[in-house]
Amino acid sequence: MASKKKSLSKRNQKVKITEALEAIKERLSNSDPRVQIPALEETFNYGEEGLKLLRQVAKNEQGIAQVAAKKLLQDYKNNYSPTFPLPKADLEFWHTHPYRQGRLLEDYLESKKRYEELHYRWLERSDRYSQETKELECQVDEAKAKVFSPWVLVSRCPYCQKPIKQQGTIVGLSERVWYREYEEGYDTRGCPHLFCLDGALHLNGHQPPYIEYRAPNANLYPNRINMAAEVPFIKPRVLNLPTMVAVIHSLLVEERYTAYWTAYFTQEKPPPEDFCIGFARVRHVEVITNRVEDWHIHKVRHDQQEYDLREWIEQGKVFWIDPHDKENLLVQGKVADFPYHNIPGRRHPYTIEKGEVKDIDFKISLPHEKVYRE
């Protein structure tokens, strides 16, 4: 039943892409460049099928549409062939892991797949108290104990030089780290100076695959990836806080996409009202505990995002990890040395849900919160 639903959803996704591209073709038949050019730009939202249409326009059409399509394809080629080498991921596994050197990620994915297959079988069972279900639950626990998720170096603290690591990010878009609605600190570790780990994910023109992420807690793990942008950025409000600095780093995800992390560090911990929404998150949660119960404060805000970082680099507020250095050393250099200038791509939030990419209308908003008692 589950496989039938998945294949049906894939067919529905393909139909949606076909319908969207037909709508783009209809807009291209309009002779007004103000209609044609935005339509051409939208082809990047539909992966290989969108690129195929863009190439057809560049080859067969005449006039403004052809010129614009050729320019977009040239920008695409320049953008997705970086002039700097992306650094090799610095991975760390728990010392008791059984994985083979040279096949660390492959062995991890195999053990994870085995655990998930058993876990989903257990979730689908209705007779939770039968002997068969109890035996399956034991198999799930045993398989889970053999999964050792890799920690990936995503930043380094300018104040104490400690590495900041996140769990599983680069392996692929099916890792749980992409699906948290809010940060609880389980997937990130580092130093006390770390204030917030933020960032962007560039799809590099690829169409994300259909992924149906399933978990026991649908509120904590929704079936949707929330990203702030494709292009690296900083939040001026955050970076203007006392002693606050930012570090930018990049790595390939699944050998297809590029993650750009922006980590904020400070020597003076800001008050709770200056919270920051982190990487692939939409909420910040503060837990207040007393003798009787816990209060969970869910906070939301939409900060301005700035993509031209020249002034911040000149002020010494933005560092980066040298993509040429195998030791992942920090750089506080000149504007000309910054490796991430003028990267084309989405400069606004977007979501990925079951392979469908949707742009979000970005509006700056003041913080607001909801309080839940547990």
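- A pairwise comparison of heavy atoms in H193 and C160 identifies ND1-SG, 3.7 Å as the closest pair.
- Annotation for I170 and L252: closest pair CB-O, 3.5 Å, computed over non-hydrogen atoms.
- Looking at heavy atoms from C-beta onward, D359 lies in side-chain contact with R346 at the 4.5 angstrom threshold.
- A salt bridge links E132 with R125; the closest basic N to acidic carboxylate O contact falls under 4.0 Å.
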Please assess F148 against Y108 for the test side-chain contact (heavy atoms from CB on, under 4.5 Å), listing each intermediate value before the final yes or no. CA-CA 7 Å; F148 292 82; Y108 160 68; 5.7 Å; no
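- A donor-acceptor contact shorter than 3.5 Å links the side chain of Y264 to the backbone of K235.
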Using the side chain to side chain donor-acceptor pair (under 3.5 Å) rule, take W122 and Q139 through it: C-alpha gap first, then chi angles, then the decisive distance, then the call. CA-CA 10 Å; W122 175 78; Q139 294 177 36; over 6 Å; no
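- Contact check for V231 versus Y340: no side-chain heavy atoms found under the 4.5 Å cut-off.
- Smallest separation of non-hydrogen atoms from A229 and Y350: O-CE2, 3.5 Å.
- A distance of 8.5 Å separates NZ of K112 from OG of S149, quoted to the nearest 0.5 Å.
- For the pair V57/L28, a side-chain contact is recorded, criterion being any heavy-atom separation below 4.5 Å from C-beta on.
- Side-chain contact, Q166 with T169: a donor N or O sits under 3.5 Å from an acceptor N or O.
- Looking at K165 and E92, a side-chain N of the basic residue comes within less than 4.0 Å of a carboxylate O on the acidic one, giving a salt bridge.
- Here salt bridge (charged side-chain N to carboxylate O under 4.0 Å, His left out) pairs that include residues 95-106, with residues two or more places apart or in two chains, are R100-D107, R103-D107, R103-E110.
- Here S31 pairs with nothing under the side chain to side chain contact (heavy atoms under 4.5 Å, CB included) rule; sequence neighbours left out.
- Put simply, the side chain of N30 gets close to the backbone of D32: a donor and an acceptor are under 3.5 Å apart.
- With sequence neighbours excluded, no residue satisfies salt bridge (Lys or Arg N to Asp or Glu O under 4.0 Å) with E327.
- Inspection of the T258 and S250 side chains reveals no N or O donor paired with an N or O acceptor under 3.5 Å.
- Interatomic distance, CG of L251 versus CG of L153, reported as 8.0 Å (0.5 Å rounding).
- Minimum interatomic distance between V247 and P158 (heavy atoms only, all atoms of both residues): CG2-CG, 3.6 Å.
- Under a hydrophobic-cluster definition in which Ile, Leu, Val, Met, Phe, Trp and Tyr are linked whenever side-chain heavy atoms come within less than 4.5 Å, directly or via other members, Y159 and L197 are assigned to the same cluster.
- With W151 contributing its side chain and W94 its backbone, the two residues share no donor-acceptor pair below 3.5 Å.
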Would you check, one step at a time, whether the test side-chain contact (heavy atoms from CB on, under 4.5 Å) holds for V177 with Q167? CA-CA 7 Å; V177 67; Q167 200 167 33; 5.8 Å; no
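- Residues passing the salt bridge (Lys or Arg N to Asp or Glu O under 4.0 Å) test with E117, sequence neighbours excluded: none.
- Every residue meeting the salt bridge (Lys or Arg N to Asp or Glu O under 4.0 Å) condition with K25, not counting sequence neighbours, appears here in chain and number order: E22.
- Cluster membership check: I64 does not share its hydrophobic cluster with I24, using side-chain heavy-atom separations under 4.5 Å among Ile, Leu, Val, Met, Phe, Trp and Tyr.
- Alongside Y129, the hydrophobic cluster contains no other residue (criterion: ILVMFWY side chains under 4.5 Å).
- Across all their heavy atoms, I37 and A68 have their closest contact at CG1-CB, 4.0 Å.
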Step by step, would you call K146 with Y115 a side-chain contact (heavy atoms from CB on, under 4.5 Å)? CA-CA 8 Å; K146 295 179 180 178; Y115 160 64; over 6 Å; no
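- In this structure, N226 and P349 have side chains that are not in contact, with every pair of non-hydrogen atoms separated by 4.5 Å or more.
- Proximity of a side-chain donor or acceptor of Q66 to a complementary backbone N or O of A58 within less than 3.5 Å is detected.
- Cluster membership check: L118 shares its hydrophobic cluster with Y120, using side-chain heavy-atom separations under 4.5 Å among Ile, Leu, Val, Met, Phe, Trp and Tyr.
- Of the possible donor and acceptor atoms, one in the side chain of Q305 sits under 3.5 Å from a partner among the backbone N and O of A228.
- Remark: side-chain polar atoms of T262 are not paired, donor with acceptor, to backbone N or O of I248 under 3.5 angstrom.
- Counting non-hydrogen atoms of other residues, nucleotides and ligands closer than 6.0 Å to NZ of K144 gives a total of 12 or fewer.
- A donor-acceptor pair under 3.5 Å is formed between the side chain of R156 and the backbone N or O of Q161.
- Looking at heavy atoms from C-beta onward, L239 lies out of side-chain contact with P236 at the 4.5 angstrom threshold.
- We find the CZ-OH distance between F233 and Y307 to be 6.0 Å, quoted to the nearest 0.5 Å.
- A distance of 13.0 Å separates NZ in K334 from CD1 in I313, rounded to the nearest 0.5 Å.
- For F338 and W320, the gap between ring centers is short of 6.0 Å.
- Annotation for N342: atom CG does not count as buried by contact number, only 12 or fewer foreign heavy atoms lying within 6.0 Å.
- Two residues are said to be in side-chain contact when any heavy atoms from C-beta on lie closer than 4.5 Å; F279 and W178 meet this criterion.
- Crowding of R27 atom CZ: a count of heavy atoms from other residues, nucleotides or ligands under 6.0 Å exceeding 12.
- Side-chain atoms of T351 do not come within 3.5 Å of backbone N or O of I225 as any donor-acceptor pair.
- Looking at heavy atoms from C-beta onward, N328 lies out of side-chain contact with P163 at the 4.5 angstrom threshold.
- Looking at every heavy atom in both residues, G168 comes nearest to V152 through N-CG2, 4.4 Å.
- Rounding to the nearest 0.5 Å places OH of Y99 at 9.0 Å from CG of L104.
- A distance-only check finds no donor-acceptor pair linking the side chain of Y260 to the backbone of H202 [under 3.5 Å].
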Could you walk me through whether C191 and I164 pass the side-chain contact (heavy atoms from CB on, under 4.5 Å) test, one step at a time? CA-CA 7 Å; C191 75; I164 307 301; 4.2 Å; yes
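- Each of N240, V245, V335 was evaluated against W312; a single residue qualifies, N240, per the side chain to side chain contact (heavy atoms under 4.5 Å, CB included) test.
- Counting only distance, with no hydrogens or angles, the side chain of K269 and the backbone of F195 share no donor-acceptor pair below 3.5 Å.
- At least one side-chain heavy atom of V357 sits less than 4.5 Å from a side-chain heavy atom of P208.
- Residue K317 holds its NZ atom at 7.5 Å from OG1 of T243, rounded to the nearest 0.5 Å.
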